[in-house]
Amino acid sequence: MRTMRKTFLPFALPSISEEAIEEVAAVLRSGWVTSGPKVKQFEKEFSEFVGTTEAIALNSATAGLHLALEAIGLTENDAVITSSVTFTASAEVICYFGAAPLLTDVDPIHNIMTPKTLSDLIERECHWDGNILTHTVTGKKIRAVIPVHLAGYTCDMEEILKIIDRYNLYVIEDAAHAFPAKHKNKMIGAWGDFTVFSFYATKGITTGEGGMVTTNHREYANRIRLMRLHGINRDAYNRPGWYYEVVDAGFKYNMTDIAAALGIVQLHEANGFWARREEIALRYNSAFADIKGMKLPLPDENGKHSWHLYRVELDPKLAKIGRDTLVEELKERNIGTSLHFIPIFEHPYYKKTYNFNRKNFPNASKMYDMAVSLPLFAGMSDEDVEDVIYAVRELLR
Ligand SMILES: Cc1ncc(COP(=O)(O)O)c(C=O)c1O
């Protein structure tokens, strides 16, 4: 008989090794703490890891999504398609430009954008004149699609890219959850025009706060490099003298060497973190296999799941207790959970500004009442894992 946990188990925690702490300390002692050699090294190693020619380090994934849209010259006359089940960052960056965010529904299993949900939206709300894809309601021109690899399960990039090509669009993958992940045999990061990773505290690897854009387009990469630091044509580390030129009104989105030093060590540890996450996810899957009304996350049959999150869904008709009760009861037992995500169209800002029709999102709406993310992070001990299993089985069996 297990007793209740004495300490609270959060749903996610970063794993910071002594080596990482030493590397960060070395930067702190070095006298160069902002963007410099560590950022360059992190970018180089990251691009090699995912297999792209370019990687640009930033202070968040949100900055990366913003600068990718800036690089393609998004304007207020444009619209961008993303998934209804994502964090606000994937949609808010579209609004920065006064452009319209359009949302696809998701599939009922993995809650991601699929070629079908994307095509459904295009057929329902857009007009193709053979050259330009227009949103019929707003008259705006569709420029890009932002698929989201939710929880680390990969979207069907091969088919989505066919749709992108058919309508002359850009694809900017939100891979905040997808490191390290593969679709088919290719790393996420090497598929689309741009891929954007997050190194937020709970992600596959962390720099505290941070992000990376990968691309094979040299020109766009250079535009992002320019705009991440005020539109200044030389970064401080490479500036030989006092002279520099501001060539555009840029942003302050650069990553620090303090963060990059942590990122480099985390990158070296990434495969180990991933292996532990997968081990825990598969242990959960076998321990929960006989629970009625609980849908479990499946391994990615088309690639490599990053196992960023362990999301389950409770069917209110079949499960012994509802999702909200499970969350409360687990909290009572010192086990943290989270929800990924409240659909974009449910948030007051998006509701009042864009007038989304809930009827167009049957799967996202259903998911919202049933999903919950259980603790999953590389630093979980076997005891932590067994505590979660015991509590969940006690409540749902
Ligand atoms: C799906 C998704 N996209 C984008 C982001 C934004 O990442 P960042 O916090 O690095 O800006 C997050 C962060 O949680 C996310 O979950």
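One-based numbering, in listed order, for ligands and for the atoms of each.
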Worksheet item: So, for Glu394 and Lys320, which heavy atoms are closest and what is the spacing to 0.1 Å?
Response: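 Heavy atoms only, the tightest pair is O-NZ, 3.9 Å.
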
Discussion item. Using every non-hydrogen atom in the two residues, find where Ala151 and Ser306 come nearest and quote the distance to one decimal.
Written reply: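 Residues Ala151 and Ser306, closest heavy atoms: O-OG, 3.7 Å.
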
Practice prompt. Answer with side chain, backbone, both or neither: which part of Ala89 has a heavy atom less than 4.0 angstrom from an atom of ligand 1?
Written response: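 Near ligand 1, Ala89 shows its side chain, while the N, CA, C and O stay back.
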
Practice prompt. Would you mind telling me if ligand 1 is within reach of the side chain of Thr62, the backbone, both or neither, using heavy atoms under 4.0 Å?
Written response: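 Looking at Thr62 and ligand 1, atoms from backbone and side chain both fall under 4.0 Å.
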
Discussion item. So, applying salt bridge (Lys or Arg N to Asp or Glu O under 4.0 Å) with Glu386, which one of Arg393, Arg2, Arg283 is it?
Written reply: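 Exactly one candidate clears the test, Arg283.
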
What residue and atom, counting heavy atoms only, is the protein's closest point to [atom], and at what distance?
| atom | value |
| --- | --- |
| atom 10 (O) of ligand 1 | Ser198 OG, 2.7 Å |
| atom 12 (C) of ligand 1 | Phe87 CD2, 3.6 Å |
| atom 16 (O) of ligand 1 | His177 NE2, 2.8 Å |

Worksheet item: In ligand 1, which numbered atoms sit nearer than 4.0 Å to a non-hydrogen atom of Phe341?
Response: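 Selected atoms, number and element: 16 (O).
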
Worksheet entry | Atoms of ligand 1, numbered as shown, that sit under 4.0 Å from any heavy atom of Thr86 |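 Taking each heavy atom of Thr86 in turn, ligand 1 has 1 (C) under 4.0 Å.
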
Worksheet item: Heavy atom of Gly210 under 4.0 Å from ligand 1?
Response: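 Contact present.
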
Discussion item. Please determine whether any non-hydrogen atom of His340 lies less than 4.0 Å from an atom of ligand 1.
Written reply: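 Judged by the 4.0 Å heavy-atom criterion, His340 does not count as contacting ligand 1.
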
Worksheet entry | Salt-bridge present (Asp290, Arg397; N to O < 4.0 Å) |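 Between Arg397 and Asp290 there is a salt bridge, with a charged N closer than 4.0 Å to a carboxylate O.
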
Fill in: is_close_aromatic(Tyr284, Tyr310), centroid dist under 6.0 Å
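Distance test on ring centres: under 6.0 Å, yes.
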
Practice prompt. Please find out if less than 6.0 Å separates the ring center of His268 from that of Phe49.
Written response: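 Not close enough - the centres of the two rings lie 6.0 Å or further apart.
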
Worksheet item: So is there a nitrogen or oxygen of Lys203 less than 3.5 Å from a nitrogen or oxygen in ligand 1?
Response: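 Between Lys203 and ligand 1 (N or O atoms, distance only) the closest approach is under 3.5 Å.
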
Practice prompt. Using distance alone, determine whether Asp174 and ligand 1 share an N or O pair under 3.5 Å.
Written response: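 Among all N and O atoms of Asp174, at least one is under 3.5 Å from an N or O of ligand 1.
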
Worksheet item: Shared ILVMFWY cluster between Phe42 and Val33, side chains joined below 4.5 angstrom?
Response: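 No.
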
Worksheet item: In terms of hydrophobic clustering (I, L, V, M, F, W, Y; side-chain heavy atoms under 4.5 Å; direct or indirect links), are Phe194 and Leu58 co-clustered?
Response: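 Yes, because Phe194 and Leu58 connect within a single hydrophobic cluster, where side-chain heavy atoms sit under 4.5 Å apart.
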
